[in-house]
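In this text, all values refer to a predicted model and were calculated from it rather than measured experimentally.
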Amino acid sequence: MSLISPADQARLRDSFNEMLRPVRLLFFTQTLGCDTCLQTRQILDELPPLSDKITIEEVNFILEPEKATQYGIDRAPGVAIVGQTEAGEERDSHIRFLGAPAGYEFLSLVQAVLLVGGRPSILSEDSRKRIAEVATPTTVHVFTTPTCPHCPRAVAVAHEMAFANPNITAFAVEATEFPDLARKYSVTGVPKTVVNDSVEILGALPPDVFVEQALAPPAS
């Protein structure tokens, strides 16, 4: 039985029909010690029937550590999204999910798939220029919960940043699934964004403001 209503399936199918390029979701999972891996697989499996451009590749987090390292996935469930260049070559989007993309975060997953599939950027030209200037490895963590209606806005901008510049990798992190990360980054509310373990952004800001704060030099 599908998790998505027939009406929502129809709307998603229409959106996915506008995709220009194929999208592959690398699903990092493990058999033991992962309470939400099955739920994550069920959520991901909703997408391929809605578009022949979407595929799922399951990766055993324990048995394929090299692949997990390649994509910067250090826990399961995790999802890395891979697309293609206009020339047909594989392109890592540097968009990541840690935890089940359930509730409102399913919207973040759909937005990410559409972006990698060719949807135009939501960012302004000024923001894209600022992002293009990033020349050093930059990691963005956006902490979310399934019940947070504002979280997809913050996740969308972070994922746009990652997709626009391969020096940036953006993780949407389900805070309740990984309390160790929530404690590490002092997450007491969501969305909370942490850039390079130093810059913090609270709440869902307008895209240009988010980019400006995310790429601002850390306070001394």
Side-chain angles (χ1 to χ4, degrees), residues 11-26 44 47 50-55 71-72 79-98 101 104-144 148-173 190-196 199-217:
R11 283 190 285 269
L12 286 172
R13 191 174 286 109
D14 288 342
S15 296
F16 291 146
N17 280 342
E18 298 179 5
M19 291 170 56
L20 304 176
R21 295 181 287 276
V23 175
R24 182 160 50 96
L25 306 179
L26 298 181
L44 297 181
L47 300 182
L50 303 177
S51 172
D52 59 6
K53 287 187 171 66
I54 303 173
T55 56
Y71 288 95
V79 178
I81 301 185
V82 177
Q84 281 188 0
T85 65
E86 293 184 1
E89 299 175 345
E90 183 171 283
R91 177 193 177 188
D92 180 7
S93 70
H94 292 266
I95 291 173
R96 308 286 187 259
F97 289 84
L98 296 179
Y104 283 103
E105 280 315 292
F106 181 70
L107 175 60
S108 295
L109 178 66
V110 170
Q111 291 175 333
V113 169
L114 291 173
L115 176 64
V116 177
R119 189 210 69 200
S121 173
I122 64 172
L123 301 179
S124 68
E125 184 177 352
D126 286 344
S127 285
R128 292 197 298 271
K129 287 180 179 178
R130 178 70 181 89
I131 293 166
E133 294 172 354
V134 176
T136 57
T138 299
T139 302
V140 182
H141 290 90
V142 183
F143 288 89
T144 71
C148 169
H150 305 294
C151 288
R153 289 168 52 200
V155 171
V157 181
H159 282 168
E160 288 263 6
M161 293 171 63
F163 190 61
N165 187 329
N167 289 316
I168 303 173
T169 301
F171 292 83
V173 184
V190 292
K192 178 175 182 177
T193 302
V194 183
V195 183
N196 285 342
V199 176
E200 296 187 356
I201 301 172
L202 301 178
L205 305 179
D208 286 346
V209 178
F210 185 101
V211 171
E212 181 181 356
Q213 292 193 15
L215 299 182

- Message: Set out, in order, the CA-CA distance, both residues' side-chain angles and the distance that settles side-chain contact (heavy atoms from CB on, under 4.5 Å) for F163 and I81, then state yes or no.
- Response: CA-CA 10 Å; F163 190 61; I81 301 185; over 6 Å; no
- Message: Between V113 and I54, is the side-chain contact (heavy atoms from CB on, under 4.5 Å) condition met? List the steps.
- Response: CA-CA 8 Å; V113 169; I54 303 173; 3.8 Å; yes
- Begin from the C-alpha positions of T138 and V195 and carry the test side-chain contact (heavy atoms from CB on, under 4.5 Å) through to its verdict. CA-CA 7 Å; T138 299; V195 183; 3.8 Å; yes
- Query: Going through the distances and angles, do L47 and L109 end up as a side-chain contact (heavy atoms from CB on, under 4.5 Å)?
  - Reply: CA-CA 10 Å; L47 300 182; L109 178 66; 3.9 Å; yes
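E133 CD: more than 12 foreign heavy atoms inside a 6.0 Å radius.
For the atom pair CG of D208 and CZ of R130, the computed distance is 12.5 Å after rounding to the nearest 0.5 Å. To the nearest 0.5 Å, atoms NE2 (H141) and CZ (R96) are separated by 11.0 Å. A distance of 13.0 Å separates CD1 in I95 from OH in Y71, rounded to the nearest 0.5 Å. Once rounded to the nearest 0.5 Å, the distance linking CG of L123 with CE of M161 reads 8.5 Å. R91 CZ to E86 CD: the interatomic distance, rounded to the nearest 0.5 Å, is 9.5 Å. The distance from the CZ atom of F171 to the NE2 atom of H94 is 10.5 Å, given to the nearest 0.5 Å.
Side-chain atoms of F97 and H159, non-hydrogen and from C-beta on, do get closer than 4.5 Å to each other. Inter-residue side-chain proximity for R128 and S121 is flagged as met; some heavy-atom pair is nearer than 4.5 Å. Between V155 and T144, the closest side-chain pair of non-hydrogen atoms falls below 4.5 Å. With contacts defined as side-chain heavy-atom distances shorter than 4.5 Å, the pair I131/V211 qualifies. A heavy-atom distance below 4.5 Å is not found between the side chains of E200 and T193.
A salt bridge does not link E18 to R13: none of the charged nitrogens lies less than 4.0 Å from a carboxylate oxygen. Contact check on E90 versus R24 returns a salt bridge, with a Lys/Arg side-chain nitrogen under 4.0 Å from an Asp/Glu carboxylate oxygen.
The two atoms that bring A154 and G203 nearest to each other are CB-O, 4.4 Å, heavy atoms only. Closest heavy-atom contact between Y104 and P152: O-CG, 3.4 Å. The two residues K192 and L202 make their nearest non-hydrogen contact at CG-CD2, 3.7 Å. Across every non-hydrogen atom of H150 and A204, the tightest pair is O-CB, 3.5 Å. Across A135 and N167, no two heavy atoms sit closer than the pair CA-ND2, 3.6 Å. The shortest non-hydrogen separation linking V116 to S93 is CG2-CB, 3.6 Å.
S15 contributes a side-chain N or O that, together with a main-chain N or O of R11, makes up a donor-acceptor pair within less than 3.5 Å. Here the side chain of D92 pairs no donor or acceptor atom with the backbone of V82 at under 3.5 angstrom. Proximity of a side-chain donor or acceptor of N165 to a complementary backbone N or O of V134 within less than 3.5 Å is detected.
Between the side chains of E105 and S108, at least one donor N or O sits under 3.5 Å from an acceptor N or O.
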